[in-house]
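Only a predicted model underlies this, so the values are computations on that prediction, with no experimental measurement involved. In this chain, numbering begins with 1 at the start of the sequence shown.
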Amino acid sequence: MQRPSLSICILSVALCVSGGFQQGYIASVLNPPYVYIEAFINETVTERFGVVMSDDVLNTVWSFLNVIFPIASIVGQFLAAWMCKRFGRKGTAIITCVLYLPGTIMSSLAYPARSFEMIFIGRFLWSLGNGINAVNATVWIVECAPTSIRGAMGAMQEFSMAIGSLVCQSFGIPFSDATLWPWIFVPNALLVLVSIGLFLLVPDSPVSILERTGDLDVARALLAKYYGVCTDAPEIDRELNQEKKKSPSGSENVDKPGILWIFNPFGRKDDRMRVIQQAAWLGVMVKIAYVFTGARALRAYSTFVVYDLSHFNLEGANLGSWIISILRIPFTLVPVFFVDRLGRRPLMNWSMIITVISLVVLMVSIIIGDAMQIPSAISFAAILLINAGGLGSASRFYAAELVPRSLLLNAVSILAGIEAVTKIVVEFAFFPVANVNGVYSMLMFLVPSVLFLIAIWALCPETSNLTVHQVLDDIARRKNLKVSFTK
């Protein structure tokens, strides 16, 4: 594996702190003190209107508070393409980091202000910034990391998300209290300032420079700095030549207003466009497959699953969630060290197989009852841990490895939006469905996971140590189309 340069290391850490870490923290922050936040919402409604919300209404409000994260992320993900072109990758990252601060501060002040609405608004702002950074981080690292370490750099996002979740769960233990829970939002503000400082130390993406100024010499110098080589190195010429290649329809402006043709299953297309379209849809499939493993939804409601479904006590449920957060860290390091050696396909396929088995064991254990508490906890942990080191990590960058660079920014923005819409539906539905149907709610993860396992095994190409044009050539061969992207 190529030794990474100092610039790419700083960039990776900055993107991890501002992207993956924030995502892990946001996804977990409501989980440890959820009983007390629910009570606070009910209390404030009673204080103002003199009514007590029913359990069904409170469950719906709580589900909505959780799905504000993916809803705001969608808005951010679609804003990201415009912001990245207008302000560059670096400017976008700094602006969105600043957006985190009012989000965390408003959430922490909700309790003393006796305003549960501040949690909703704060969560929206915090999640909006994370949605923008999710796209920006994926695009920036793919544009700047050498091919030989691109997978490891991309996988660091999942590792940092595990760190964010662990830090949040750790604060959740002392702050899971009727009066202390607002403090769980506060520590994040310091790391936001750290990430801004790190971004000031690295240059913008060379692709961003080409988009905004067209200065090839500056772009060459920046790419060489990220690669850790001299400006006349052959890999620099090879990468810059890819940037100058025309779009698949022969027009330089395919990605301007017409990016949606990638995702349009109808209409006339030549063979090159058909290959790129399939590549984009495979990226969509991998992202949606991760959502339907249940790893995200179950992690967001981990205390509920362990406490209400597996019948552990509340202290045990919070402790179990914290232990899983610790174990996620070494699991997320697996792709960092091995994804470029083993390949993307083995990690994705085996994590899907283990996920299906674990979902079956989890359902059977909960149905049998309290005598199977330990197997239910182990299978629950397996779903979260194996996806952290497999499909969950690969899905963060795999789709970006399938799309030509001329279409990358807008395509990643749309892909992330599609993933977020799916996440909203799944996470909003799970909590009410689980309250009504109990363990059988797991079927909404098990059945799709079996189908996606078959599809990923059969259709997804390997991208490790390959350029995007080599990957597209592989897809063309699979489709028996006589087109080439490398010639």
Side-chain angles (χ1 to χ4, degrees), residues 26-46 49 51-71 116 119-120 123 165 169 172 176 178 181 291-321 324 355 358-373 375-377 379-381 383-384 420-449:
I26 299 170
S28 303
V29 72
L30 298 178
N31 187 42
Y34 90 94
V35 172
Y36 305 106
I37 299 178
E38 276 189 332
F40 166 69
I41 293 172
N42 212 351
E43 287 169 9
T44 53
V45 170
T46 303
F49 307 109
V51 297
V52 178
M53 287 191 290
S54 67
D55 289 342
D56 289 340
V57 173
L58 189 58
N59 287 339
T60 302
V61 171
W62 185 252
S63 293
F64 181 65
L65 180 58
N66 273 278
V67 300
I68 279 180
F69 175 27
I71 288 173
F116 70 87
I119 305 177
F120 284 78
R123 188 166 176 81
S165 180
Q169 294 285 353
S176 289
W181 63 262
V291 174
F292 276 101
T293 61
R296 281 180 168 171
L298 295 177
R299 186 171 69 246
Y301 296 105
S302 60
T303 301
F304 164 77
V305 174
V306 180
Y307 174 55
D308 287 83
L309 298 185
S310 294
H311 300 148
F312 284 81
N313 59 40
L314 185 58
E315 292 76 14
N318 276 328
L319 180 60
S321 296
I324 291 173
T355 295
S358 299
L359 283 168
V360 172
V361 174
L362 177 61
M363 288 186 66
V364 171
S365 299
I366 294 175
I367 290 171
I368 291 175
D370 293 350
M372 294 288 285
Q373 275 187 328
S376 71
S379 56
F380 174 73
I383 296 168
L384 272 58
V421 170
T422 309
K423 185 180 175 184
I424 289 171
V425 174
V426 171
E427 291 194 7
F428 186 77
F430 173 71
F431 192 63
V433 169
N435 272 282
V436 174
N437 298 313
V439 65
Y440 296 103
S441 60
M442 298 297 167
L443 289 173
M444 65 188 289
F445 305 128
L446 178 58
V447 174
S449 290

Side chain of Asn31, backbone of Ala27: donor and acceptor closer than 3.5 Å?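 Looks like no, no N/O pair under 3.5 Å.
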Does Ser176 reach the main-chain N or O of Pro32 with its side chain, forming a donor-acceptor pair under 3.5 Å?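 Checking the backbone N and O of Pro32 against the side chain of Ser176, a donor-acceptor pair under 3.5 Å is found.
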Where do [X] and [Y] come nearest, in terms of heavy atoms and distance?
| X | Y | answer |
| --- | --- | --- |
| Leu58 | Asn42 | CD2-ND2, 4.1 Å |
| Val361 | Ser379 | CG1-CB, 3.8 Å |
| Pro448 | Leu443 | CD-O, 3.7 Å |
| Val426 | Ala297 | CG1-CB, 4.3 Å |
| Thr293 | Ile383 | O-CG2, 3.9 Å |
| Ser365 | Pro375 | OG-CB, 3.5 Å |

Looking at [atom1] of [X] and [atom2] of [Y], how far apart are the two atoms once the value is rounded to the nearest 0.5 Å?
| X | Y | atom1 | atom2 | answer |
| --- | --- | --- | --- | --- |
| Leu359 | Met444 | CG | CE | 11.5 Å |
| His311 | Met372 | NE2 | CE | 14.5 Å |
| Ile366 | Asp308 | CD1 | CG | 10.5 Å |
| Phe49 | Thr44 | CZ | OG1 | 8.5 Å |
| Gln169 | Leu319 | CD | CG | 10.5 Å |
| Ile41 | Thr46 | CD1 | OG1 | 11.5 Å |

Looking at side-chain heavy atoms only, is the closest gap between [X] and [Y] below 4.5 Å?
| X | Y | answer |
| --- | --- | --- |
| Leu446 | Met363 | yes |
| Phe380 | Ser358 | no |
| Phe445 | Leu298 | yes |
| Leu309 | Met442 | yes |
| Ile324 | Arg299 | no |
| Arg123 | Leu30 | yes |
| Tyr307 | Tyr34 | yes |
| Tyr440 | Ile367 | yes |

Name the orientation class of the two ring planes belonging to Tyr301 and Phe430 (parallel below 30°, tilted from 30 to 60°, perpendicular beyond 60°).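 Taking Phe430 first and then Tyr301, their aromatic rings sit tilted (interplane angle of 30° to 60°).
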Taking atom types as modelled and ignoring hydrogens, do the side chains of Ser28 and Ser165 form a donor-acceptor contact shorter than 3.5 angstrom?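 A pair is found: one side chain offers a donor N or O, the other an acceptor, under 3.5 Å apart.
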What do the steps show when you test Val447 against Phe292 for side chain to side chain contact (heavy atoms under 4.5 Å, CB included), and what is the final call? CA-CA 9 Å; Val447 174; Phe292 276 101; over 6 Å; no
State yes or no: are the ring centers of Phe40 and Phe116 separated by less than 6.0 Å?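 No; Phe116 has its ring centre 6.0 Å or more from that of Phe40.
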Taking atom CZ of Phe431 as the centre, report whether more than 12 heavy atoms of other residues, nucleotides or ligands fall under 6.0 Å from it.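 Counting other residues, nucleotides and ligands, CZ of Phe431 exceeds 12 neighbours.
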